Every structure is written in C-alpha cells, then in structure tokens.
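Take a look at the structure below.
From a predicted model like this one, the values you see are computed outputs, not experimental measurements. Quick note: residue numbers are just sequence positions, from 1.
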Amino acid sequence: MPNTSLAERLKFHRKSKGLSQEELSNKASVTVRTIQRIENAEVNPHLNTLKLLAVALDIEVNELLPLENPKEETIKKKWLLLLHATPLIGLFIPLCNVLLPLFIWIHKREGNPVYNQHGVKVINFQITALLLFFLSFISLVTVEKWGFFIFIATIPIIIVIVMFNIIYVIRSEKCYYPLAIPFLKFKPIESINTVALFLLILAFSNCTSEPKPQIERLDGSLISKDSITLKIQQLASEANVHGMAVAIFDNKQAVYKNIVGYKDFPNKLVLTDSTNIYGASLSKAVFSVLVMKLVEDKVIDLDTPLESYLPKRIYEYEPLTRWHDDYSDLKNDSLYPKITARMCLAHTTGFPNWRFFEPDKKLKVLFPPGTKYGYSGEGFVYLQVVLEKITGKGLEELAQEIIFEPLQMKNSAYQWQSRFEEDFAYGHMKNGKNYNKDIDNEPRAGSTLETTAEDYIKFLTAVLNQEILSESSYKEIFSPQIRIHSLKHFGPDAAKTTNKYDNINLSCGLGWLSLETPYGQGFSKGGNGSGFQHYSLIFPESGKGILIMTNSENGESIFKELLNYTFADQYTPWEWSNYVPYNH
C-alpha cells in the first residue's frame, strides 16, 4: 500500500529547500512523474530512488523513510513527550535537563528522523539554557540592579518555553525553541562528534561515540566510507552520470565498493555489481596478463619478431574474421616484420589505434616500430592473431583457460554470451539516451571484454596479489618501456610533444600506463567506447588502488574530483586523458 507519511515527508523537505517538483527532478535524476506519484501517495518507491532524492535534498535517506508500523505513531508521541518533558527534572537535579534528553536522543534517533529532529532541538535549547543560567548568575554578582532581574527572569522564561513545547508537541508533533544555539546538527556524523565533545566538557568521557569505518587514502590520510558514498552520489547526480561502480583497494584487497545509478536509465533499471558491463580498453590489461603467462610457458618471447613464429607472411593468411585478421594491406609494408610482442603491449608498433580511423581505412605502420609511443588497439589484435595461430586456440578459449576460470570470473568473456542478456548495462549518451547494445563483436584483445564490476574487482585483486603470474612477470609488466611526451593521448594534439608530464615520468609498461608519485609507482588503465567510460589505478607496492566503471558519456567528467576526494590521487594526468571536469 502506498505510504502517505512518505508523501508528506518528501513534500515537506522539498518545500523547505525551496524546490519545485521540476527542480528536484533535475537535481535527483528522478522523473517529475515519479515525484508526483510519491507525493500523491500513489506508489512505494524503490530505495535507490529515495537515495537519489535524499542526496538532491541534502538530507539523510532515513529522513524520508516512514515508520513501518502504524501503531508506532502512539509510541512515537510518548517518546516525543519524554524528550521535551524530562528537562524539567533539571530543576531538581543539576545537568539532567541536558543529559536525560541526550540519552533518549542517542537511543532513538536512528529509529525515525522525527526523533532526531526533535532531540537535536531540545538538546540545543537546553545547552543554551545552561549557558544562559551561568551568564545570568555572573550578571547577578557583577551587574548592579539589572543583574538581579536578569537572574530571576531566566529560569521562568526557560520553564515557559519548555511547557509551551510540551503542549505543542502533544497537539501537532511540532516544536519551537527560540534562542537555541545550534550546537548539534541534523546530520548524524556531525551530531555524534558534537555530543562526544559536550560529554567531554561535562567530564563524561566514557560516553563517546563509535568511530565510523574509514579508509586510508594514497597519502595516508583517512576518510570515512560514509563520506565517500555521499560524494559519489553527489557527483553522479550533479554530472548526470547514469550508472557507476566504484571500488577502492587497500592491503591488496577491495575495502570499499559502491554501485549507483542505472543499467538502463530511460527505464530506470538499477545497476548492480553483477550487471554485465562492456569493458572497452580494460580488455588490454587482462590481455597483458594472458600474454605474460604464455611468455612464462615459453610459447612466445617478448622480443622475437612475431612474424618469425609463422610459416608464412601474415598477409598471406586467409582472413577468418570479418576484418580484424585481414592483413592484406601490409603486403608492401617493410616495417611491420620488426614488430614484437613487447612493442604490441607497449603501444610502440607504429600501427594506428584502429584502421577504420585512417582516411583510407587501410592498415599501415605509421612510424618505425619501437621508436615512440602511439596508442594502438591494432597492435594488440596483431599479437592476438599471431598467438591464435601459434596455439591453435582462439582468444576466448585462451582467456577462459588462463584468466577467467582460475579467478572465477564467471561473468567475463571477450565475446558476448547469451547468458549476459539477463542482466546487462546499456551505454548512455550525455542526454541519457541508450546506445544500441553491440552483441555481435568477434573477440579482440584490445576492446571486446564483457565483464562485471564484481569480476573486474577479482581481476585487480589478483594482480595486486600477484596471482596467475610469477613475481618476475609482474615486474616485467610494470616496468616502464617507453616515455610518453605527447601533449594529449588522442586527437591532433597526440602528435605534439611536451614536458608537462615529466614530473610523473609518464610512461607505458606492458598494457598499462606508468606514473611516478611520492607514494610509489602507479599503473593505470582506462577504457572508453559506446557510452562506457572506465578508469583503474593501482599501486602494487602498497596494495592500494581504485576502480571506476561507468556506463555514461558523462563519466569521465567526474574522474578528476572523484580520484582526488576518495583516493587522494592528484597524479593522474587528467588533461592528457581529456578527463575534463563537469561545470559545477
């Protein structure tokens, strides 16, 4: 049954913030029609909807949630009466005017936002009353004539205000305390800290609050998980990021995970950690581990020209796929035979990112292999095709055998699987419209990974713990191979050079970018395509890291602020990667 109490609460908080239904809709990414139906008590909304509304209203979500049992209304009135009446005992027992309502508030504030709101107001007033009493006493002994009148008037005025509120709360469940100083706030974290401070002042140090769960950031500073969650919700709401998964790692384990938003924004279908997400270029990080496993097994060497493993020239093979293993364009190319596995993983092959970005749509080597950095998905696919011919196994079979099955990444593949249809995320345009889901991609090492937040967390955890590979293989992956001097990662500015990123020694390892910081060497891998934008950054020595996966073209606009706030990362070259912050 739809809840009228929830409807009243939403209307109250919306109007108190001076928002119309349309303005709240824009801030919360909740449709106006949904807000209207909630305020008309026509529906019981999903908890995620209430969370979005609470963030937009800058309140706690429990301030919207109604009492589940209607019989509690009578009980609620009794508790409110106790909150407002017990301070009168302070007339006979010192400090009880503060301590008694304080204990009631601590006990009941989690049960209903009404207890929290009334308790804060009562306690604020009673602490103010104590201060006024002491000031009036001081005036009695220091101010002639008027000091006496101030002293004798203070207590009656306080009693009148208390009696007025006892009657007011019985009749309307509302209260009004003039003159109260806002020592406590309505937000729980701030209130608990203030209560602890007040109790210390009163010499009751044994009544402190429990600390909130915290995470140690990259620079050693601590941040509460609650504040991270609120920041993620705020950024996602303000920048219109339609769906997002965030994980933070410490001591080589995921210590925080949060999923917000939708897998299908137009239809308001909720994103979860088991929802299939297109991984885009996160594919390359997985493939780098796969290749190094084959290097360990002596299937291939990093520095042997790849074509030397084949009985004939790569362009002489009949293509088995629609396009990606067609190397007929290389027939007259004299540079490609120099390409090695190391060059493919370090983006120094000279191949373009993808052949279809070239004016003539043809594959070619643009600069001598091994001489400079040039991001290339084609390089990864070339290495993939050679490995498939050497091993007689396709990329998907190799990935399942070497990576996905050992790590129990049960919802990951380099090719779309029919089981993914039950729960998958659409990529979203900036305006929230869905991209069509591409499900007919053939497996490609640089771009076709399908995974989930849960599975990719397993992969990064394995990398941090040096699973699958030996220590020496991971050392090879995370050794800078080539310095990067380009002004931007992509576009016309990628051909321009700069020393802007010399302070972090921006380089490329094998499948990952490398950056040096005062807190150790970090390695990043991002992904972008079809409405999905991702970023990961790990520090193998300290076991710290962060993963951000979004299914929104607005995702990259919050990366800079999100990385700084949650992880204290100020070293990711966001300008180079074109992670342009959204306008607040």
Quiz item: What heavy-atom pair brings L320 and D325 nearest, and what distance separates the two atoms?
Solution: N-OD2, 2.7 Å
Quiz item: Which pair of heavy atoms, one from N551 and one from Y262, lies closest together, and at what distance?
Solution: ND2-O, 3.0 Å
Quiz item: Could K231 and Y565 be counted as a cation-pi pair, given that NZ or CZ must be under 6.0 Å from the ring centre and within 45° of the axis?
Solution: yes
Quiz prompt | Distance flag, aromatic centroids of H428 and Y435, threshold under 6.0 Å | solution = no
Exercise. Give a yes or no answer on whether the side chain of N503 reaches the backbone of N505 with a donor-acceptor pair at less than 3.5 Å.
Key: no
Quiz prompt | pair C508-I484: side-chain heavy atoms closer than 4.5 Å | solution = yes
Quiz prompt | W574/F559 aromatic ring centres below 6.0 Å | solution = no
Quiz item: Taking the side chain from N267 and the backbone from L269, do they hold a donor-acceptor pair closer than 3.5 Å?
Solution: no
Self-check item: 4.5 Å side-chain heavy-atom contact, Y309 and I300
Solution: yes
Quiz item: Can you tell me if S237 uses its side chain to pair, donor with acceptor, with the backbone of Q234 under 3.5 Å?
Solution: no
Quiz item: Per the ring-ring contact (aromatic ring centres under 6.0 Å, His included) rule, which among F539, W512, F478 passes with F523?
Solution: F478
Practice problem: With K525 as the cation and Y535 as the aromatic partner, state whether NZ or CZ is under 6.0 Å from the six-membered ring centre and within 45° of the axis. | Solution: no
Quiz prompt | Cation-pi geometry met for K338 and Y336 (6.0 Å, 45°) | solution = no
Quiz item: Under a 4.5 Å cut-off applied to non-hydrogen side-chain atoms, are Y278 and D438 in contact?
Solution: no
Quiz prompt | Side-chain donor-acceptor pair present, T461, Q253, cut-off under 3.5 Å | solution = no
Quiz item: Got a donor-acceptor contact below 3.5 angstrom from the D455 side chain to the N411 backbone?
Solution: yes
Quiz item: Considering all heavy atoms of both residues, which atom of A445 and which atom of L395 are nearest to each other, and what is their separation?
Solution: N-CD2, 3.4 Å
Quiz item: Do H347 and F380 make the cut of ring centroids closer than 6.0 angstrom?
Solution: yes
Practice problem: State, yes or no, whether a side-chain contact exists between I457 and K257 at a heavy-atom distance under 4.5 Å. | Solution: yes
Practice problem: Report yes or no: is the cationic atom of K372 (NZ for Lys, CZ for Arg) under 6.0 Å from the centre of the six-membered ring of F367, at an angle within 45° of the ring normal? | Solution: yes
Quiz item: What about Y414 and F287, are their ring centers closer than 6.0 Å?
Solution: no
Quiz item: In terms of ring plane angle, is the pair Y571 and Y519 parallel, tilted or perpendicular, where the classes change at 30° and 60°?
Solution: perpendicular
Practice problem: Compute both the distance and the angle, then confirm whether K410 meets the cation-pi test with F404: under 6.0 Å from the six-membered ring centre, within 45 degrees of the axis. | Solution: no
Practice problem: Using the salt bridge (charged side-chain N to carboxylate O under 4.0 Å, His left out) rule, take K364 and D360 through it: C-alpha gap first, then chi angles, then the decisive distance, then the call. | Solution: CA-CA 10 Å; K364 59 181 71 69; D360 59 4; 2.9 Å; yes
Exercise. Report yes if the side chains of P352 and L363 come closer than 4.5 Å at any heavy-atom pair, otherwise no.
Key: yes
Self-check item: E476 and L510, any side-chain heavy atoms less than 4.5 Å apart
Solution: yes
Quiz prompt | Criterion salt bridge (charged side-chain N to carboxylate O under 4.0 Å, His left out) on D326 and K362, from CA distance to verdict | solution = CA-CA 10 Å; D326 182 356; K362 293 184 179 297; over 6 Å; no
Quiz item: What pair of heavy atoms forms the shortest contact from S412 to T452, and how long is it?
Solution: OG-N, 4.5 Å
Self-check item: Sub-6.0 Å ring centroid separation between Y327 and Y315
Solution: no
Quiz item: Does E378 pair with R355 as a salt bridge, N-O distance under 4.0 Å?
Solution: yes
Self-check item: W416 side chain vs E450 backbone, donor-acceptor pair below 3.5 Å
Solution: no
